[in-house]
Amino acid sequence: MTYRMRARTTGALRRLVIVGMALGPAGVAFGPAAARPAAAQAVGPEWAIAVHGGAGTARRESMTPELEHRYTAALTAALEVGREILASGGSSLDAVEAALRLLEDSPLFNAGKGAVFTHDGRNELDASIMDGASLAAGAVAELRHVKNPISLARRVMEASPHVMMAGVGAEEFALEQGIELVPATYFFTERRWQSLQRAREAEGRAEAERGAGAEPRDRAQRRAGVEPVGALGERLGTVGAVALDRHGNLAAGTTTGGMTNKRFGRIGDSPIIGAGTYADNRACAVSGTGHGEFFIRNAVAHDICARVLYLEESINEAADAVVMGVLVEQGGDGGVIALGPDGVIAMPFNTPSMLRGYVTSEEGPVVEIFRE
Ligand code: ASP
């Protein structure tokens, strides 16, 4: 597979297009950017959008062709919605929001309609969005009745003086803003309900083992490098998008139901600006997916942008350093989509699969699920 990458010299409009770069598994570029062959051309994508549908343990052999087709079709549809907006001169924020609304409405993903269940059998949704031009950001958490959390996050950003709202207060704001609310039953899907049952059973077994003085199963599994049910195995499906518009503005957004069997009002990285989502026109736009606690501790999305800005790393180097370096060292599973102001897209992940795709003014849509 070949991949196209643009780099823009600081402050200048002149662009270098690096064509035919060899990609490793997971769409991660091999080696330092400086070592890559570069063919100088003065053109590059005018706009670009990338989306993810979550990182997880799914392997090709464990996924039916039918399900693979449904995931691919859904991501392609989200990219097409983004393409339409960006190609006609629309904003990156509009493209991110529209693409994510579409995925929130699909029962396939762990966001909106298909959100996973909490320990108590509820759905609690989190989302965030960020504007790379102004660093304005909006985030919402613990929503139970908002059909499209990404749109409420945008409203927080644009119609309130705040960055983050949670729970009942956030839903009051949604009501005030005319955002669509739905009964909690709207979020019920049999598949996610069964996931919760499996997670609770596994938890029950672990507690019984703990009671018997044995090492808890999840800790033993973790030490053996195996993820317990209820963690990675049930996490596939968070969605995110990053976009660059014709005006050179970046935006990023992420939306999720969090982790199956979460309790005590647990909130992951997806609605945390700097952890699951970040955008800064000077550096990059990032949306992450994976074990949220690790993304929060490492401020993953911001760290990638900071590496680009301060260390002058390429998008690929910065995203790799964090996802394949820092996170792997700590045992934090997941991946990111990252997009530079000049159209560079990096999509590294350290899990067996990550639903991901992109389309630019020059190529795509391309959608991939597995490592190879
Ligand atoms: N990062 C999300 C969370 O921890 C879950 C995911 O991306 O799969 O809530």
Side-chain angles (χ1 to χ4, degrees), residues 49 51 74 77-78 80-82 84-86 88-118 122-189 238-243 245 247 249-258 265 267-268 270-273 276-277 279 285 287:
I49 180 166
V51 295
E80 291 297 351
V81 164
E84 217 174 293
I85 292 170
L86 295 168
S88 58
S91 76
S92 51
L93 276 172
D94 283 348
V96 163
E97 182 186 357
L100 293 181
R101 279 180 69 98
L102 198 95
L103 298 175
E104 284 179 336
D105 290 343
S106 162
L108 281 178
F109 300 96
N110 174 19
K113 170 70 185 154
V116 298
F117 284 92
T118 66
R122 285 196 259 256
N123 307 94
E124 293 178 352
L125 293 81
D126 307 331
S128 64
I129 194 163
M130 186 158 183
D131 175 13
S134 60
L135 301 188
V140 286
E142 277 194 69
L143 306 177
R144 293 185 184 161
H145 305 94
V146 175
K147 185 165 181 262
N148 293 106
I150 194 67
S151 294
L152 183 60
R154 182 157 182 195
R155 211 59 74 86
V156 169
M157 175 173 82
E158 291 175 344
S160 93
H162 307 303
V163 168
M164 191 168 193
M165 295 182 189
V168 176
E171 294 198 336
E172 267 172 34
F173 178 70
L175 200 61
E176 203 183 284
Q177 291 292 316
I179 291 277
E180 187 173 357
L181 297 175
V182 287
T185 49
Y186 166 79
F187 299 106
F188 182 89
T189 56
T238 288
V239 296
V242 291
D245 62 31
H247 317 288
N249 290 321
L250 289 168
T254 312
T255 168
T256 188
I267 295 169
S270 307
I272 309 286
I273 297 300
T277 302
S287 170

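Quantities reported herein were computed from a predicted structural model and do not represent experimental measurements.
In terms of heavy atoms, Gly90 sits closest to Asp245 at O-CB, 3.4 Å. Closest approach of Gly257 to Ala115, counting heavy atoms only: CA-CB, 3.9 Å. Residue Ala252 comes nearest to Ala279 through the heavy atom pair N-CB, 3.9 Å, listed as atom of the first residue, atom of the second, then distance. Ser270 and Thr238 make their closest contact through OG-CG2, 4.1 Å (heavy atoms, listed as atom of the first residue, atom of the second, distance). For the pair Ser151 and Glu97, the tightest heavy-atom approach, listed with the atom from each and the gap, is OG-OE2, 2.6 Å. Here the shortest heavy-atom pairing between Leu143 and Pro149 reads CD1-CB, 3.7 Å.
Side chain of Asn123 to backbone of Val116: a donor-acceptor contact under 3.5 angstrom is found. With hydrogens and angles ignored, the 3.5 Å screen pairs a side-chain donor or acceptor of Asn110 with a backbone N or O of Gly258. Judged purely by atom type and a 3.5 angstrom limit, Thr254 uses its side chain to pair as donor or acceptor with the backbone of Gly276. Panel note: side chain Asp126, backbone Glu142; a donor-acceptor pair is recorded below 3.5 Å.
Atoms CD1 and CD, from Ile267 and Glu124 in turn, are 8.0 Å apart once rounded to the nearest 0.5 Å. Atom NE2 in His145 sits 10.5 Å away from atom CG in Leu125 (nearest 0.5 Å). Here the CG-CZ distance, from Leu100 to Phe109, works out to 10.5 Å after rounding to the nearest 0.5 Å. Taken from OG in Ser128 to CE in Met157, the straight-line distance is 10.5 Å, to the nearest 0.5 Å. We find the OG1-CD1 distance between Thr277 and Ile150 to be 7.0 Å, quoted to the nearest 0.5 Å. One distance of note links CG of Asp105 with NZ of Lys147; it measures 4.0 Å at 0.5 Å rounding.
Side-chain contact between Phe187 and Val182 is present, with heavy atoms from C-beta onward closer than 4.5 Å. In this structure, Val140 and Val146 have side chains that are not in contact, with every pair of non-hydrogen atoms separated by 4.5 Å or more. Annotation: side chain of Val81 is not in contact with side chain of Arg101 (no heavy-atom distance under 4.5 Å). Contact annotation: the side chain of Thr189 approaches that of Lys113 to within less than 4.5 Å [non-hydrogen atoms, C-beta and beyond]. Put simply, the side chain of Glu171 does not reach to within 4.5 Å of the side chain of Leu175, judged on heavy atoms. Side-chain atoms of Ser91 and His247, non-hydrogen and from C-beta on, never get closer than 4.5 Å to each other.
Other residues, nucleotides and ligands contribute at most 12 non-hydrogen atoms within 6.0 Å of the CD atom of Glu84.
A donor-acceptor pair shorter than 3.5 Å can be found between the side chains of Glu104 and Thr255.
In summary, Asp131 and Arg154 do not engage in a salt bridge, as defined by a charged side-chain N under 4.0 Å from a carboxylate O.
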